[in-house]
Amino acid sequence: MFQFIRLVFLFNVLIILLSACNGLDTQTKPKEQLYTGEVDSSVLPANDFYRYVNGKSIERQRALYPQQSFNYFDALQVQTDSLLFNWVKEVASNNEYPVGSDARKLNHFLSIALDTQRLASQNNRPIQNLKNKIQSITAKQQLQSYLIDDILTGASLFFDLEVRVDFKNAKKGIAVLFPNQLGLSKQQYLLQDNESRAYRLQYYQFLIQLLVADGQSIDIAEAMAATTLKIETALAKSRKVPSNEIEDVKVSIQDLSEIFEIIDWPNWLMQAGLKRDSIAIDDVNYFKACNELVQKLSIVELKQYAHTSLLRKAAPYLSKNFAEVYDKFYGSDTNKNMIRWQRAIIELNQNMPDALGQIYMKRNFDLAAKKQVAEMANQIKWSFARKIKESTWLTDSSKQKALDKLKNLKVKIAYPDKFQDYVGLSFKQDTSASYFDCVMTARTFNKKRNLASSGQLPNESAWTISTQTVNAKYFLQANEVILPAAILQKPFYNKDVDLAFNYGAIGAIIAHEISHAFDLKGMQYDQHGNFKPWYNDDEINHLNKIYATIRSQLLIAYPQVTKHPQLLQMVHESLADISAIEIAFDAMQHHFTQFPEKKVNTVMDTTPEQRFFMAWARLWLEVQGTNRAMKIEDENHPPFLFRVNGLLPNIPAFQKAFEVKPEHKHFLTTDKQIKIWD
């Protein structure tokens, strides 16, 4: 979810930047430093608001750490992970956590992950059993047994299996088969431009290096890498283009046996923990094409592909010579230098998130924040309701359905009411235990837990984003927003500042996530999370026109994203931003009318309205270091600069707050402004 930065500069940079916008020196000038300490007064806010708010911070960061990139999401996540690392290390010496407790399991996992001597001595031995299993295959039907281990450990050679919420019945979990995760993106396999060719060549060389580290000769490694690239390119061709349409198709097991023939599906599903006469498939055409491909491939080619795929997915958990090859190819410019403990915490967060969450909550959360943020969320929902009622483009019927959806929408704050436990998860304790085994054991435990939920009511207390994640998310099929505890910290939230700043920061984030309930994706789901479109054609056309205008503004600023595979998603997120700013600002004003004593009129000559927009701009501070070029083709959100300078001119309240006039760069005539709720 995030791109991470090196710890070596984190705390210095974080202190510098957060002190500038959040006033760490609270005993002297608590309010003054909150908003204006880093303002670049040489820049006119009506011409470059992003630079006006963030300019001095960017300059300081570049002067101190010219090679490093920075943004608050990544920096705070590393800070959070650092705290968790230290706390988990202390568990073994803390009598609060008995032997066998989930916290002790975290400690054991971490100890194995950090035991470099053990990793070095084991080299590739942890995967030898799986390699032997692959080598013993003499007929295609014998893939059956290997694919069980493959599914349970999340390796997904050809496909994966999981229980999701049924999009037609949000009160039931449904088992779904879906395509595997390839080594490159669909576009990188198929496009014939220079950049895609370069990616394929680098990927080919990466696979060769892994295979050589595994003991293969250069000639054999080249042949195996070529086979893998050929197979994955064929699989990429058969994948659907991402769209808003739901394509989980329920089929009988008999039909599934005809779609993908080499698997004895009744037996395979039973081994996976599912006994049923039907199942859902995401992307039926992919499975048909995959079946045809497997029929054409030789046994040797299938074994080569299985072996290479195993190495690719196991490399991060093997000795240094494997992990470094993996990092060199897959690591971004910011995370390829990630320290081993950081990677271990990320793995724990993926495999035992609630166990980590409980430790985080005990050590690092102010319960008073939950109440204040909940009050803001209620104000934001009130503003949404008012805007929906006053909307000129929604029919009365759609307004009622939208209001029903808003009424049922839940905002979950900080941490789950009940954390999941890991009773039954057991790691090997002897000297033969390996990091790879720990990861696979945890994945198998979680996969079996997931598959056991097929046909059951969704666990409403289970969170799909962890307490210790610096992010927020809206989930369509639960109709809920989750705001983890880890995002309730500066600069996203600060209980010691006035409401204007918090509404422009965490308030706008809440509104952004709620906005997804009413965009072109959200309109397809009712108040209970069922796939049941509720807008009419005229309303869809209205939204499509807004999308087209946003797309036009984005392409003017960044013409290179014209063929971006995630361009539609960028537009989705931009619409949510505009809606969020409008709604959060309205909610703030309403809050002040209800509680005028909470309105701080001026702080260092800034108005509440100005501080609202300054808080929004501060969230998107981003520094591109010299070791990382701007690669927006890897993103599914609009560039941070666009989220400020590109979108704020659409907001009349922003134009008014900073006296934007026709001669200014941020001036946009009313007829060209994007209006979502008018």
Side-chain angles (χ1 to χ4, degrees), residues 1 3 45-54 69 71 73 185-187 191 193 195 241-244 473-474 508-509 511-513 515-516 518-523 540-585 613 616-624 628-655 660 664-678:
M1 187 176 297
Q3 292 180 320
N47 282 335
D48 188 346
F49 192 63
Y50 182 87
R51 184 77 190 180
Y52 171 74
V53 174
N54 296 316
S69 300
N71 69 63
F73 289 91
S185 71
K186 177 183 173 78
Q187 288 73 23
L191 294 180
D193 55 66
E195 187 174 27
V241 176
S243 70
N244 293 327
K473 195 165 185 179
Y474 172 72
I509 287 175
H512 172 104
E513 300 305 333
S515 293
H516 285 309
F518 307 105
D519 61 18
L520 280 176
K521 289 182 180 178
M523 69 179 223
I540 292 174
N541 289 336
H542 176 84
L543 276 180
N544 276 324
K545 288 179 182 178
I546 294 176
Y547 273 65
T549 305
I550 295 173
R551 184 178 184 275
S552 176
Q553 291 186 3
L554 180 59
L555 291 180
I556 289 172
Y558 296 94
Q560 67 267 41
V561 303
T562 302
K563 296 182 180 180
H564 194 296
Q566 294 292 338
L567 179 56
L568 177 59
Q569 186 61 32
M570 283 188 176
V571 174
H572 274 303
E573 298 298 335
S574 297
L575 179 140
D577 279 350
I578 296 171
S579 177
I581 296 164
E582 181 181 353
I583 293 289
F585 187 87
F613 293 109
W616 170 261
R618 183 69 75 181
L619 296 183
W620 308 112
L621 185 154
E622 182 176 42
V623 181
Q624 297 292 338
R628 180 185 174 212
M630 182 68 166
K631 281 193 169 183
I632 61 175
E633 69 270 13
D634 296 332
E635 306 293 339
N636 59 10
H637 285 70
F640 283 13
L641 177 62
F642 182 76
R643 300 180 88 157
V644 181
N645 285 0
L647 297 181
L648 285 182
N650 291 286
I651 309 298
F654 168 74
Q655 305 250 14
V660 182
H664 296 140
K665 292 180 180 179
H666 287 333
F667 181 77
L668 201 59
T669 57
T670 303
D671 61 306
K672 292 183 179 180
Q673 288 177 339
I674 297 168
K675 300 175 180 65
I676 297 173
W677 292 108
D678 280 1

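No experiment lies behind these values; they were computed from the predicted model shown.
Contact record, Pro649 with Gln673: O-NE2, 3.1 Å, taken as the closest heavy-atom pair. Taking each heavy atom of Ser515 and Ser579 in turn, the nearest pair found is OG-OG, 2.8 Å. In terms of heavy-atom proximity, Asn47 sits nearest to His664 at OD1-CA, 3.4 Å. A pairwise comparison of heavy atoms in Met570 and Pro638 identifies O-CD, 3.8 Å as the closest pair. Between His666 and Phe49, the shortest heavy-atom contact is NE2-N, 3.0 Å. Pairing each heavy atom of Ala617 with each of Asn54, the nearest pair is O-ND2, 3.1 Å.
Between the side chain of Trp616 and the main chain of Arg643, a donor-acceptor pair closer than 3.5 Å is present. With hydrogens and angles disregarded, a donor-acceptor distance shorter than 3.5 Å links the side chain of Lys675 to the backbone of Thr670. Tyr547 contributes a side-chain N or O that, together with a main-chain N or O of Leu520, makes up a donor-acceptor pair within less than 3.5 Å.
Atoms CG and CD, on Leu567 and Gln569 in that order, are 10.5 Å from each other to the nearest 0.5 Å. Note that CD1 of Ile550 is 9.5 Å distant from CG of Leu543, once rounded to the nearest 0.5 Å.
Residues passing the ring pair (Phe, Tyr, Trp, His ring centres under 6.0 Å) test with Tyr474, sequence neighbours excluded: none. The ring pair (Phe, Tyr, Trp, His ring centres under 6.0 Å) search around His516 returns His512, not counting sequence neighbours. A search for ring pair (Phe, Tyr, Trp, His ring centres under 6.0 Å) contacts involving Phe585 returns Phe612, Phe613, not counting sequence neighbours.
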Taking it one step at a time, do Phe73 and Trp620 satisfy ring-ring contact (aromatic ring centres under 6.0 Å, His included)? CA-CA 9 Å; Phe73 289 91; Trp620 308 112; 5.6 Å; yes
Checking Glu582 against Asn650 for the side-chain hydrogen bond (donor to acceptor under 3.5 Å, both in side chains) test, could you report, in this order, the C-alpha distance in whole Å, the side-chain angles of both residues, the deciding distance, and whether it holds? CA-CA 10 Å; Glu582 181 181 353; Asn650 291 286; over 6 Å; no
